Number of protein chains: 2
Amino acid sequence: MTGTMPSRPHDIADDLRRQITTGRIQPGERLPSETVLAERYAVSTVTLRRALAALQGEGLVEKIHGKGNFVRRPHRKIMYVGGWGTLDPWTAAEPSLRVSVHSTTVPAHGHLTTLLKVPVGSPLAEFSCLSVEEETPHGLAHIYMPRDLAPAGVLDDNSACRQAFARFAVLGPPPATTRETVCTRPPTPDEASALRIGSASPVLSVTRVSTDFTGRVVEAALLTFPGDRVDAVFTIHRVIDERQAQG
Amino acid sequence: MTGTMPSRPHDIADDLRRQITTGRIQPGERLPSETVLAERYAVSTVTLRRALAALQGEGLVEKIHGKGNFVRRPHRKIMYVGGWGTLDPWTAAEPSLRVSVHSTTVPAHGHLTTLLKVPVGSPLAEFSCLSVEEETPHGLAHIYMPRDLAPAGVLDDNSACRQAFARFAVLGPPPATTRETVCTRPPTPDEASALRIGSASPVLSVTRVSTDFTGRVVEAALLTFPGDRVDAVFTIHRVIDERQAQG
DNA sequence: CAGTGGTCTAGACCACGAA
DNA sequence: TCGTGGTCTAGACCACTGT
């Protein structure tokens, strides 16, 4: 033991953080196993795991069950653009992202009946999307719409069609109103593992509900992003005309 | 042991959460010590502490070292409504909130010059607002506008005038575009102390920039909310007219 | 199957708060 | 001083991944 010998999680995290930020350990590289690291730092696995959890919270480390801990590529922030009316506007604006889509039909239940204003059990088309940028997950989407509004072909297993759909599709006639509610909260366990973030790292959650001119809800989208990877931007343009000038 | 016997942290948290939300344990009340609870649930203290940490993350439990774990008073979420064009739309919608405003003049520097598109050192009117709901801080705002656009009287020490301004003022002519950027991040030390939250609880940060029809930035607002206390909602209404129907 | 991370236990010790 | 929460250890066992 020639160098320093940190003992608490904070010190261990500091040591590993330095090795990562100085390039001593390269992005994408796998860290030694937790057992080995615990021995090296002369701590228990629990203590070492606390250090790794801290680094994961900072977005420096990505944990993959059964494979190892990996140094994450530093990422720039990506914009979620509100009001686009596409399934996942963030993807349309970022061609480097890849999206995998899985579609099924589910009966409406619980919160969904409220969001879509449909009775319990009515059939909904569900699209589960995971967008990935250079191997690291970037966004998670669960999109629901009344089954009869889902475009034909999208529900088939034509992946190319679904890809195009997920990126650019506008849902029939443009929605009359789009309401987007943004909050921050801890991820669910499923979200944490899908996005490979810690359960303490907050996510940015966007609930988007689109309504047509008759007041019918045509789409509800539940979008989840790692808080440190996306900003959401909403723009309102006021039109110049007589009515507004007088009102 | 007549009832259920949860074993994992999640189940224990569920059980305690139920007891809290049903009023079985009252707000302000102290929970049994961690040792006692660990025995009661037949788990180790580490496991029990994970359950309590989860409840703390939900804002249901407050831990005080050396004293115990206490049930916290839950607070409802308040909406931030995007695109209103007032100084603090969340307040306009919530009459129970009180706002304190402090106004000064500062020279533009750093990030502000970029946001407002003004040269370094040009005079800006700054409004620092803290909104409070029933003794607990609810939102923090730093609002900047070019000095010559600030309404007369607002910069004086007329607090009633500032109150009205902060709640309802529309800044001269309505802005042509309002762009709001939302992100989540840990609070700065100042924010954490002003909002009385932990440095680990993320905040919802809204940066609102309003531009008039000439392209001049008329206002930049930096808004900060405790993540567990506010949602932000943005609505877009599409106008029916020939141009949109054809496009 | 072997190797990895994920979870849990029992017990030790330290740090804080109130009597 | 005592009871509380805060941290850590050593070891066991489970769950996931790739061979």
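Computed from a prediction, not measured in an experiment: that's the story for all the values here. Note on naming: letters A, B, ... go to the chains in the order of the sequence lines (proteins, then strands), and numbering restarts at 1 for each one.
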Report the nucleotide, chosen from [options], that has the shortest atom-to-atom distance to any side-chain atom of [X].
X: A/Val43; options: C/dG17, C/dT9, D/dT9; value: D/dT9
X: A/His65; options: D/dC16, D/dG6, D/dT4; value: D/dC16
X: A/Thr47; options: C/dT9, D/dT9, D/dG6; value: D/dT9
X: A/Ser33; options: C/dG5, C/dT9, C/dC16; value: C/dG5
X: A/Glu34; options: C/dA10, D/dG5, C/dG5; value: C/dG5
X: B/Val46; options: D/dC8, C/dT7, D/dT4; value: D/dC8
X: B/Thr45; options: D/dT7, D/dG5, D/dA15; value: D/dT7
X: B/Lys67; options: C/dA18, D/dT4, C/dG5; value: C/dA18
X: B/Pro9; options: D/dG5, C/dG5, C/dC8; value: C/dC8

(message) Can a donor-acceptor pair be found, under 3.5 Å and without considering hydrogens, that links the side chain of B/Ser131 to the backbone of B/Gly139?
(response)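 Judged by distance alone, yes, a pair lies under 3.5 Å.
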
For [X] and [N], give me the distance from atom [atom1] to atom [atom2], rounded to whole Å.
X: A/Leu52; N: C/dT7; atom1: CG; atom2: C1'; value: 15 Å
X: A/Glu39; N: D/dT9; atom1: CD; atom2: P; value: 13 Å
X: A/Asp11; N: D/dT7; atom1: CG; atom2: P; value: 13 Å
X: B/Leu31; N: D/dT4; atom1: CG; atom2: P; value: 13 Å
X: B/Leu55; N: D/dG5; atom1: CG; atom2: P; value: 14 Å
X: A/Phe70; N: C/dG3; atom1: CZ; atom2: C1'; value: 12 Å
X: A/Tyr41; N: D/dC8; atom1: OH; atom2: C1'; value: 18 Å
X: B/Lys63; N: C/dC16; atom1: NZ; atom2: C1'; value: 14 Å

(message) Looking only at the side chains, is there a donor atom on one of B/Tyr41 and B/Asp15 sitting less than 3.5 Å from an acceptor on the other?
(response) yes

(message) Less than 4.0 angstrom from a charged side-chain N to a carboxylate O is my criterion; do A/Lys63 and A/Glu34 meet it?
(response) yes

(message) Are more than 12 heavy atoms, taken from residues, nucleotides or ligands other than A/Arg179, located less than 6.0 Å from that residue's CZ atom?
(response) no

Any [X] side-chain nitrogen or oxygen under 4.0 Å from OP1 or OP2 of [N]:
X: A/Arg50; N: D/dT7; result: no
X: B/Asn69; N: D/dG5; result: yes
X: A/Arg49; N: C/dG5; result: no

(message) Let me spell it out: for each of A/His10 and A/Ile64, pick the nucleotide of DNA chain D with the closest heavy atom. Which residue's pick is nearer the 5' end?
(response)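 Result of the comparison: A/His10.
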
(request) List the atom of A/His138, the atom of A/Phe225, and the distance in Å for their closest heavy-atom pair. (result) O-CD2, 3.7 Å

(message) Against A/Arg50, only a single residue in A/Leu48, A/Leu52, A/Val46, A/Thr47 fulfils side-chain contact (heavy atoms from CB on, under 4.5 Å); can you say which?
(response)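 Only match with A/Arg50 under side-chain contact (heavy atoms from CB on, under 4.5 Å): A/Val46.
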
